[in-house]
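Worksheet: one structure, shown below.
As the structure is a prediction and not an experimental result, all values here were calculated from the model. So that the names make sense, note that chain A is the first sequence line, chain B the second, and so on, each numbered from 1.
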Amino acid sequence: MNKVFVLGGSQTDFERSWSKEGKSVVALLKEVIDDCLEETNLSYKNITALNRQNKVACFVGNFLAEYYVNQGHLGSLLTEVDDAFYGVPSARYEAACASGSTALDAGITKIRTGDYDVVIVIGWELMKTVDSKVGGDFLGRAALYEEEAVGINFPFPKLFGRLADEILKKYHTPENLFMKSLATISNINYSNAKRNGKSQTRKWFMSELQANLRGDDTNPIVAGKLASSDCSQITDGAAAVVLISERYKQEHYKDQELPIVKGFGHRVAPLVFNKKIIESKPNKYILPWTRKAVVDAYNRAKLTVSNIDFFETHDCFTSSEYATISAFGLTEPGKEYEAILEGDIAFEGKSPINVSGGLIGCGHPVGATGVRMFLDLYKQVSRKAGKYQLQKANNGLMLNIGGSATTNYVFIVGKEDRF
Amino acid sequence: MKIKVITVIGANGTIGSKVSGIFASFGDTKVYMVCREMKDANEAVKKAALSVRANSITNNLIPKTYEDLEECIKNSDLIFESVSENIETKKNVYTQIIPLIDSNKIIATGTSGLSINALSESFSDEIKPFFMGIHFYNPPYSMILCEAISSKYTDKGLFGKVKKYLENKLYRNVVEVKDSPAFLGNRIGFQFINETMKYAEVYKDNGGIDYIDAILGNFTGRSMPPLVTSDFVGLDVHKAIVDNIYLNTADYAHETFKMPIFAEKLIQENKLGRKSGCGLYKSVPHIDGTNTIHVYDIASNEYRQIEKFSFPFAKKMIKEFRIGCYENAFISLVKNNSTEASICLNFLIKYVIYSLFASKEVGFSIYSCDDVMATGFNWIPPLSVIDAFGGLLTFKKIIEDQRLDLNINIEELLKDVPESKYDYRPFLKAN
């Protein structure tokens, strides 16, 4: 199998509402692709030339365009961005909020097999076309809709509220310690987002005190024990990355050090939340398939948790980030609060999580999130993260989740080892 | 710099309460909110917390009245004066606080345009170095611009530290500006707005107010048309700003700061804009709960329903923006020979020229005009307008073709203008 290099990429400013700007998905795609090509020093002419040899392809991650913007057939939509995409192989990939990762997986695979030299992976979602209640119902399609979402207001906050309850039940964690940990997770994500000029919440105010003020008018309960501060945002946005083959690197970027994809993991847990919990009862992990996807990625990369300098995790809710901490192997399952309260996962900590701000701070345009995480791994490893650059960032791991931790996707991106 | 306790005087005003919220949240400082009456102070606390959407800061907010000034000032590191924009009112407050101030307290005024040098004369020579202007924009939670103004007496080291504090702790976009009437943001913004008002009068037979607003709508790089903005700010506030500039400056655009007679008349009739129910526009409620927006028709001196103007140039630009073809939109604007397109184009050009001029006059960097307009008004930054037209060379050519007579050396102003640090795309709305 061939090596896969990451040439670079771009994301849109997640603060923006494309509905308020009156702009269509074509404007969104045009912007993210224009910027991505500029970042990577590629041009539409390069794409045309590569396509003559059938050496370029596009992979689009998106969850719910048919609902949010009445648009399907999303691979072909790129032909509206520029004529250069006429004839370029392109299709849409979907796995709920892990759609971006399925597109990445497909693109990475096509480089590994040697079919293409240049792959553009784009993830996007426009979610501000409807109000939060209608949008919440749309997102219910990431669960078993008929059973877990029909007629239920905000089904996903409820499912992740239940995850919080199940964590408490399984590990007998003291509730005050657990809720404090969730508030700390929220506050870390918000404060990290302040360093990220493309994050949605960079101007917002959050503090531990505010995150702990659950039930107040300014931090209302959303579902179960989770309040507004425990939830990720409704976001419009897109992210794009360019992957290249070793052959293309040799030809064009011979002396340049480029981050490399070191491993992946992909596991699918039972779709229905109740079945997940029943299945995981005998297991020490509450989300065993999430853990398995992480272990698969470590094994494929021949790395362990001690080799990973930073993580991007799927904090759609604080309870999901909480559970992923042990899945990474940072603590034993049930002891996640130790890493959180001791400061390990903070920006200056020994295992920083979501220095981008994550889904809570940076934003969560669902179909874009996987690609945005991958882009952040690239930025850190290639030392292009600006104000949120970490000192040590040789290897980064991302975990992107679809549904109630149903689809679990992990990628490890790092510096190429030179022997 | 450690700022732990702040006294805000005039804390029940729009800016006073919201700025208290910014200090108490991002700054995590204890804030004494001083008002005339205790009930106003209690209300102000609620408003402050709401303005940053965080009741958790309420513990930091302490309602107080002028009777408590001594205690408040004694405990404070910074005193922020936010009383009404009247030099006598401000001086009265200073007279009250001067005997209470011991050394090393920072004193700042939140004035939006009065002279910092003139205000600083209220203080003794020992206190003068500690006095400066910090001009927040409204609402400060989303408009992060902060204009910082030193007087000729201000201690430079202290001033630098305060700027750093505003930037790093309060997450403000701090722009240092000279002590010049209305400072930089309002100078540029109200030059534009007031000139659109004058054009509304000139073109009153074409529709006037809503006609000009349709020509310079959101698609020209703003989230609200200019005369809607004036209505929103209040015609009285608008007048105070332009009168101050008109009286105390004499630049090439001097006459554009003179408020047209129809607007003066509306002010006399107490039709001040949104806050008084009617002004340039008014909202007419229906029994079914919906509203119709009416506009003041200058020609007939009556309110009427707004016209649904549909100019081909505007339609074309909006269509291009909708699909992200920004370049095409500007090409079509330049090519269109209609009166409306020409008014629009000329306003955009004049906006850039006046911004460059004002940046030199009032700012310390050419980028200042971009910062103030983007983060204080949410308008397309002037330098990025040049980029949107296709760059400096193209922009110069367009100006030549327009044959604008502005009584200023445009060539000199446009020499060595750098590219903007801002992206123009988010500012250009497709509606």
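Both the backbone and the side chain of A:L209 come within contact range of chain B, each with at least one heavy atom under 4.5 Å from a heavy atom of that chain. If you measure heavy-atom distances from B:F26 to chain A, the contacts under 4.5 Å come from both the backbone and the side chain. For A:S24, the parts lying near chain B are the backbone and the side chain together; criterion is any non-hydrogen pair under 4.5 Å. With a 4.5 Å cut-off on non-hydrogen atoms, B:I144 touches chain A through its side chain but not through its backbone. Contact of B:S142 with chain A is made through the backbone alone, with heavy-atom distances under 4.5 Å. For B:F427, no part lies near chain A; criterion is any non-hydrogen pair under 4.5 Å. Using a 4.5 Å cut-off between heavy atoms, B:D423 touches chain A through its side chain atoms alone.
A salt bridge is defined here as a Lys NZ or Arg NE, NH1 or NH2 lying under 4.0 Å from an Asp or Glu carboxylate O, and B:D371 with B:K421 fails to meet this definition. A salt bridge does not link A:D217 to B:K46: none of the charged side-chain nitrogens sits closer than 4.0 Å to a carboxylate oxygen. With respect to A:E15 and A:K198, no salt bridge is recorded, no charged nitrogen being found less than 4.0 Å from a carboxylate O.
For the set B:N55, B:N431, B:L50, B:V52, the count of heavy-atom pairs under 4.5 angstrom toward chain A peaks at B:N55. Among B:S223, B:A49, B:S25, the residue making the largest number of heavy-atom pairs under 4.5 Å with chain A is B:S25. Per-residue heavy-atom pair counts under 4.5 Å with chain A were compared for B:A430, B:G324, B:P426, and the maximum is reached by B:P426.
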**Study point:** Stepwise ring-ring contact (aromatic ring centres under 6.0 Å, His included) test for B:F23 and B:F80
**Key:** CA-CA 10 Å; B:F23 286 138; B:F80 186 82; 5.7 Å; yes
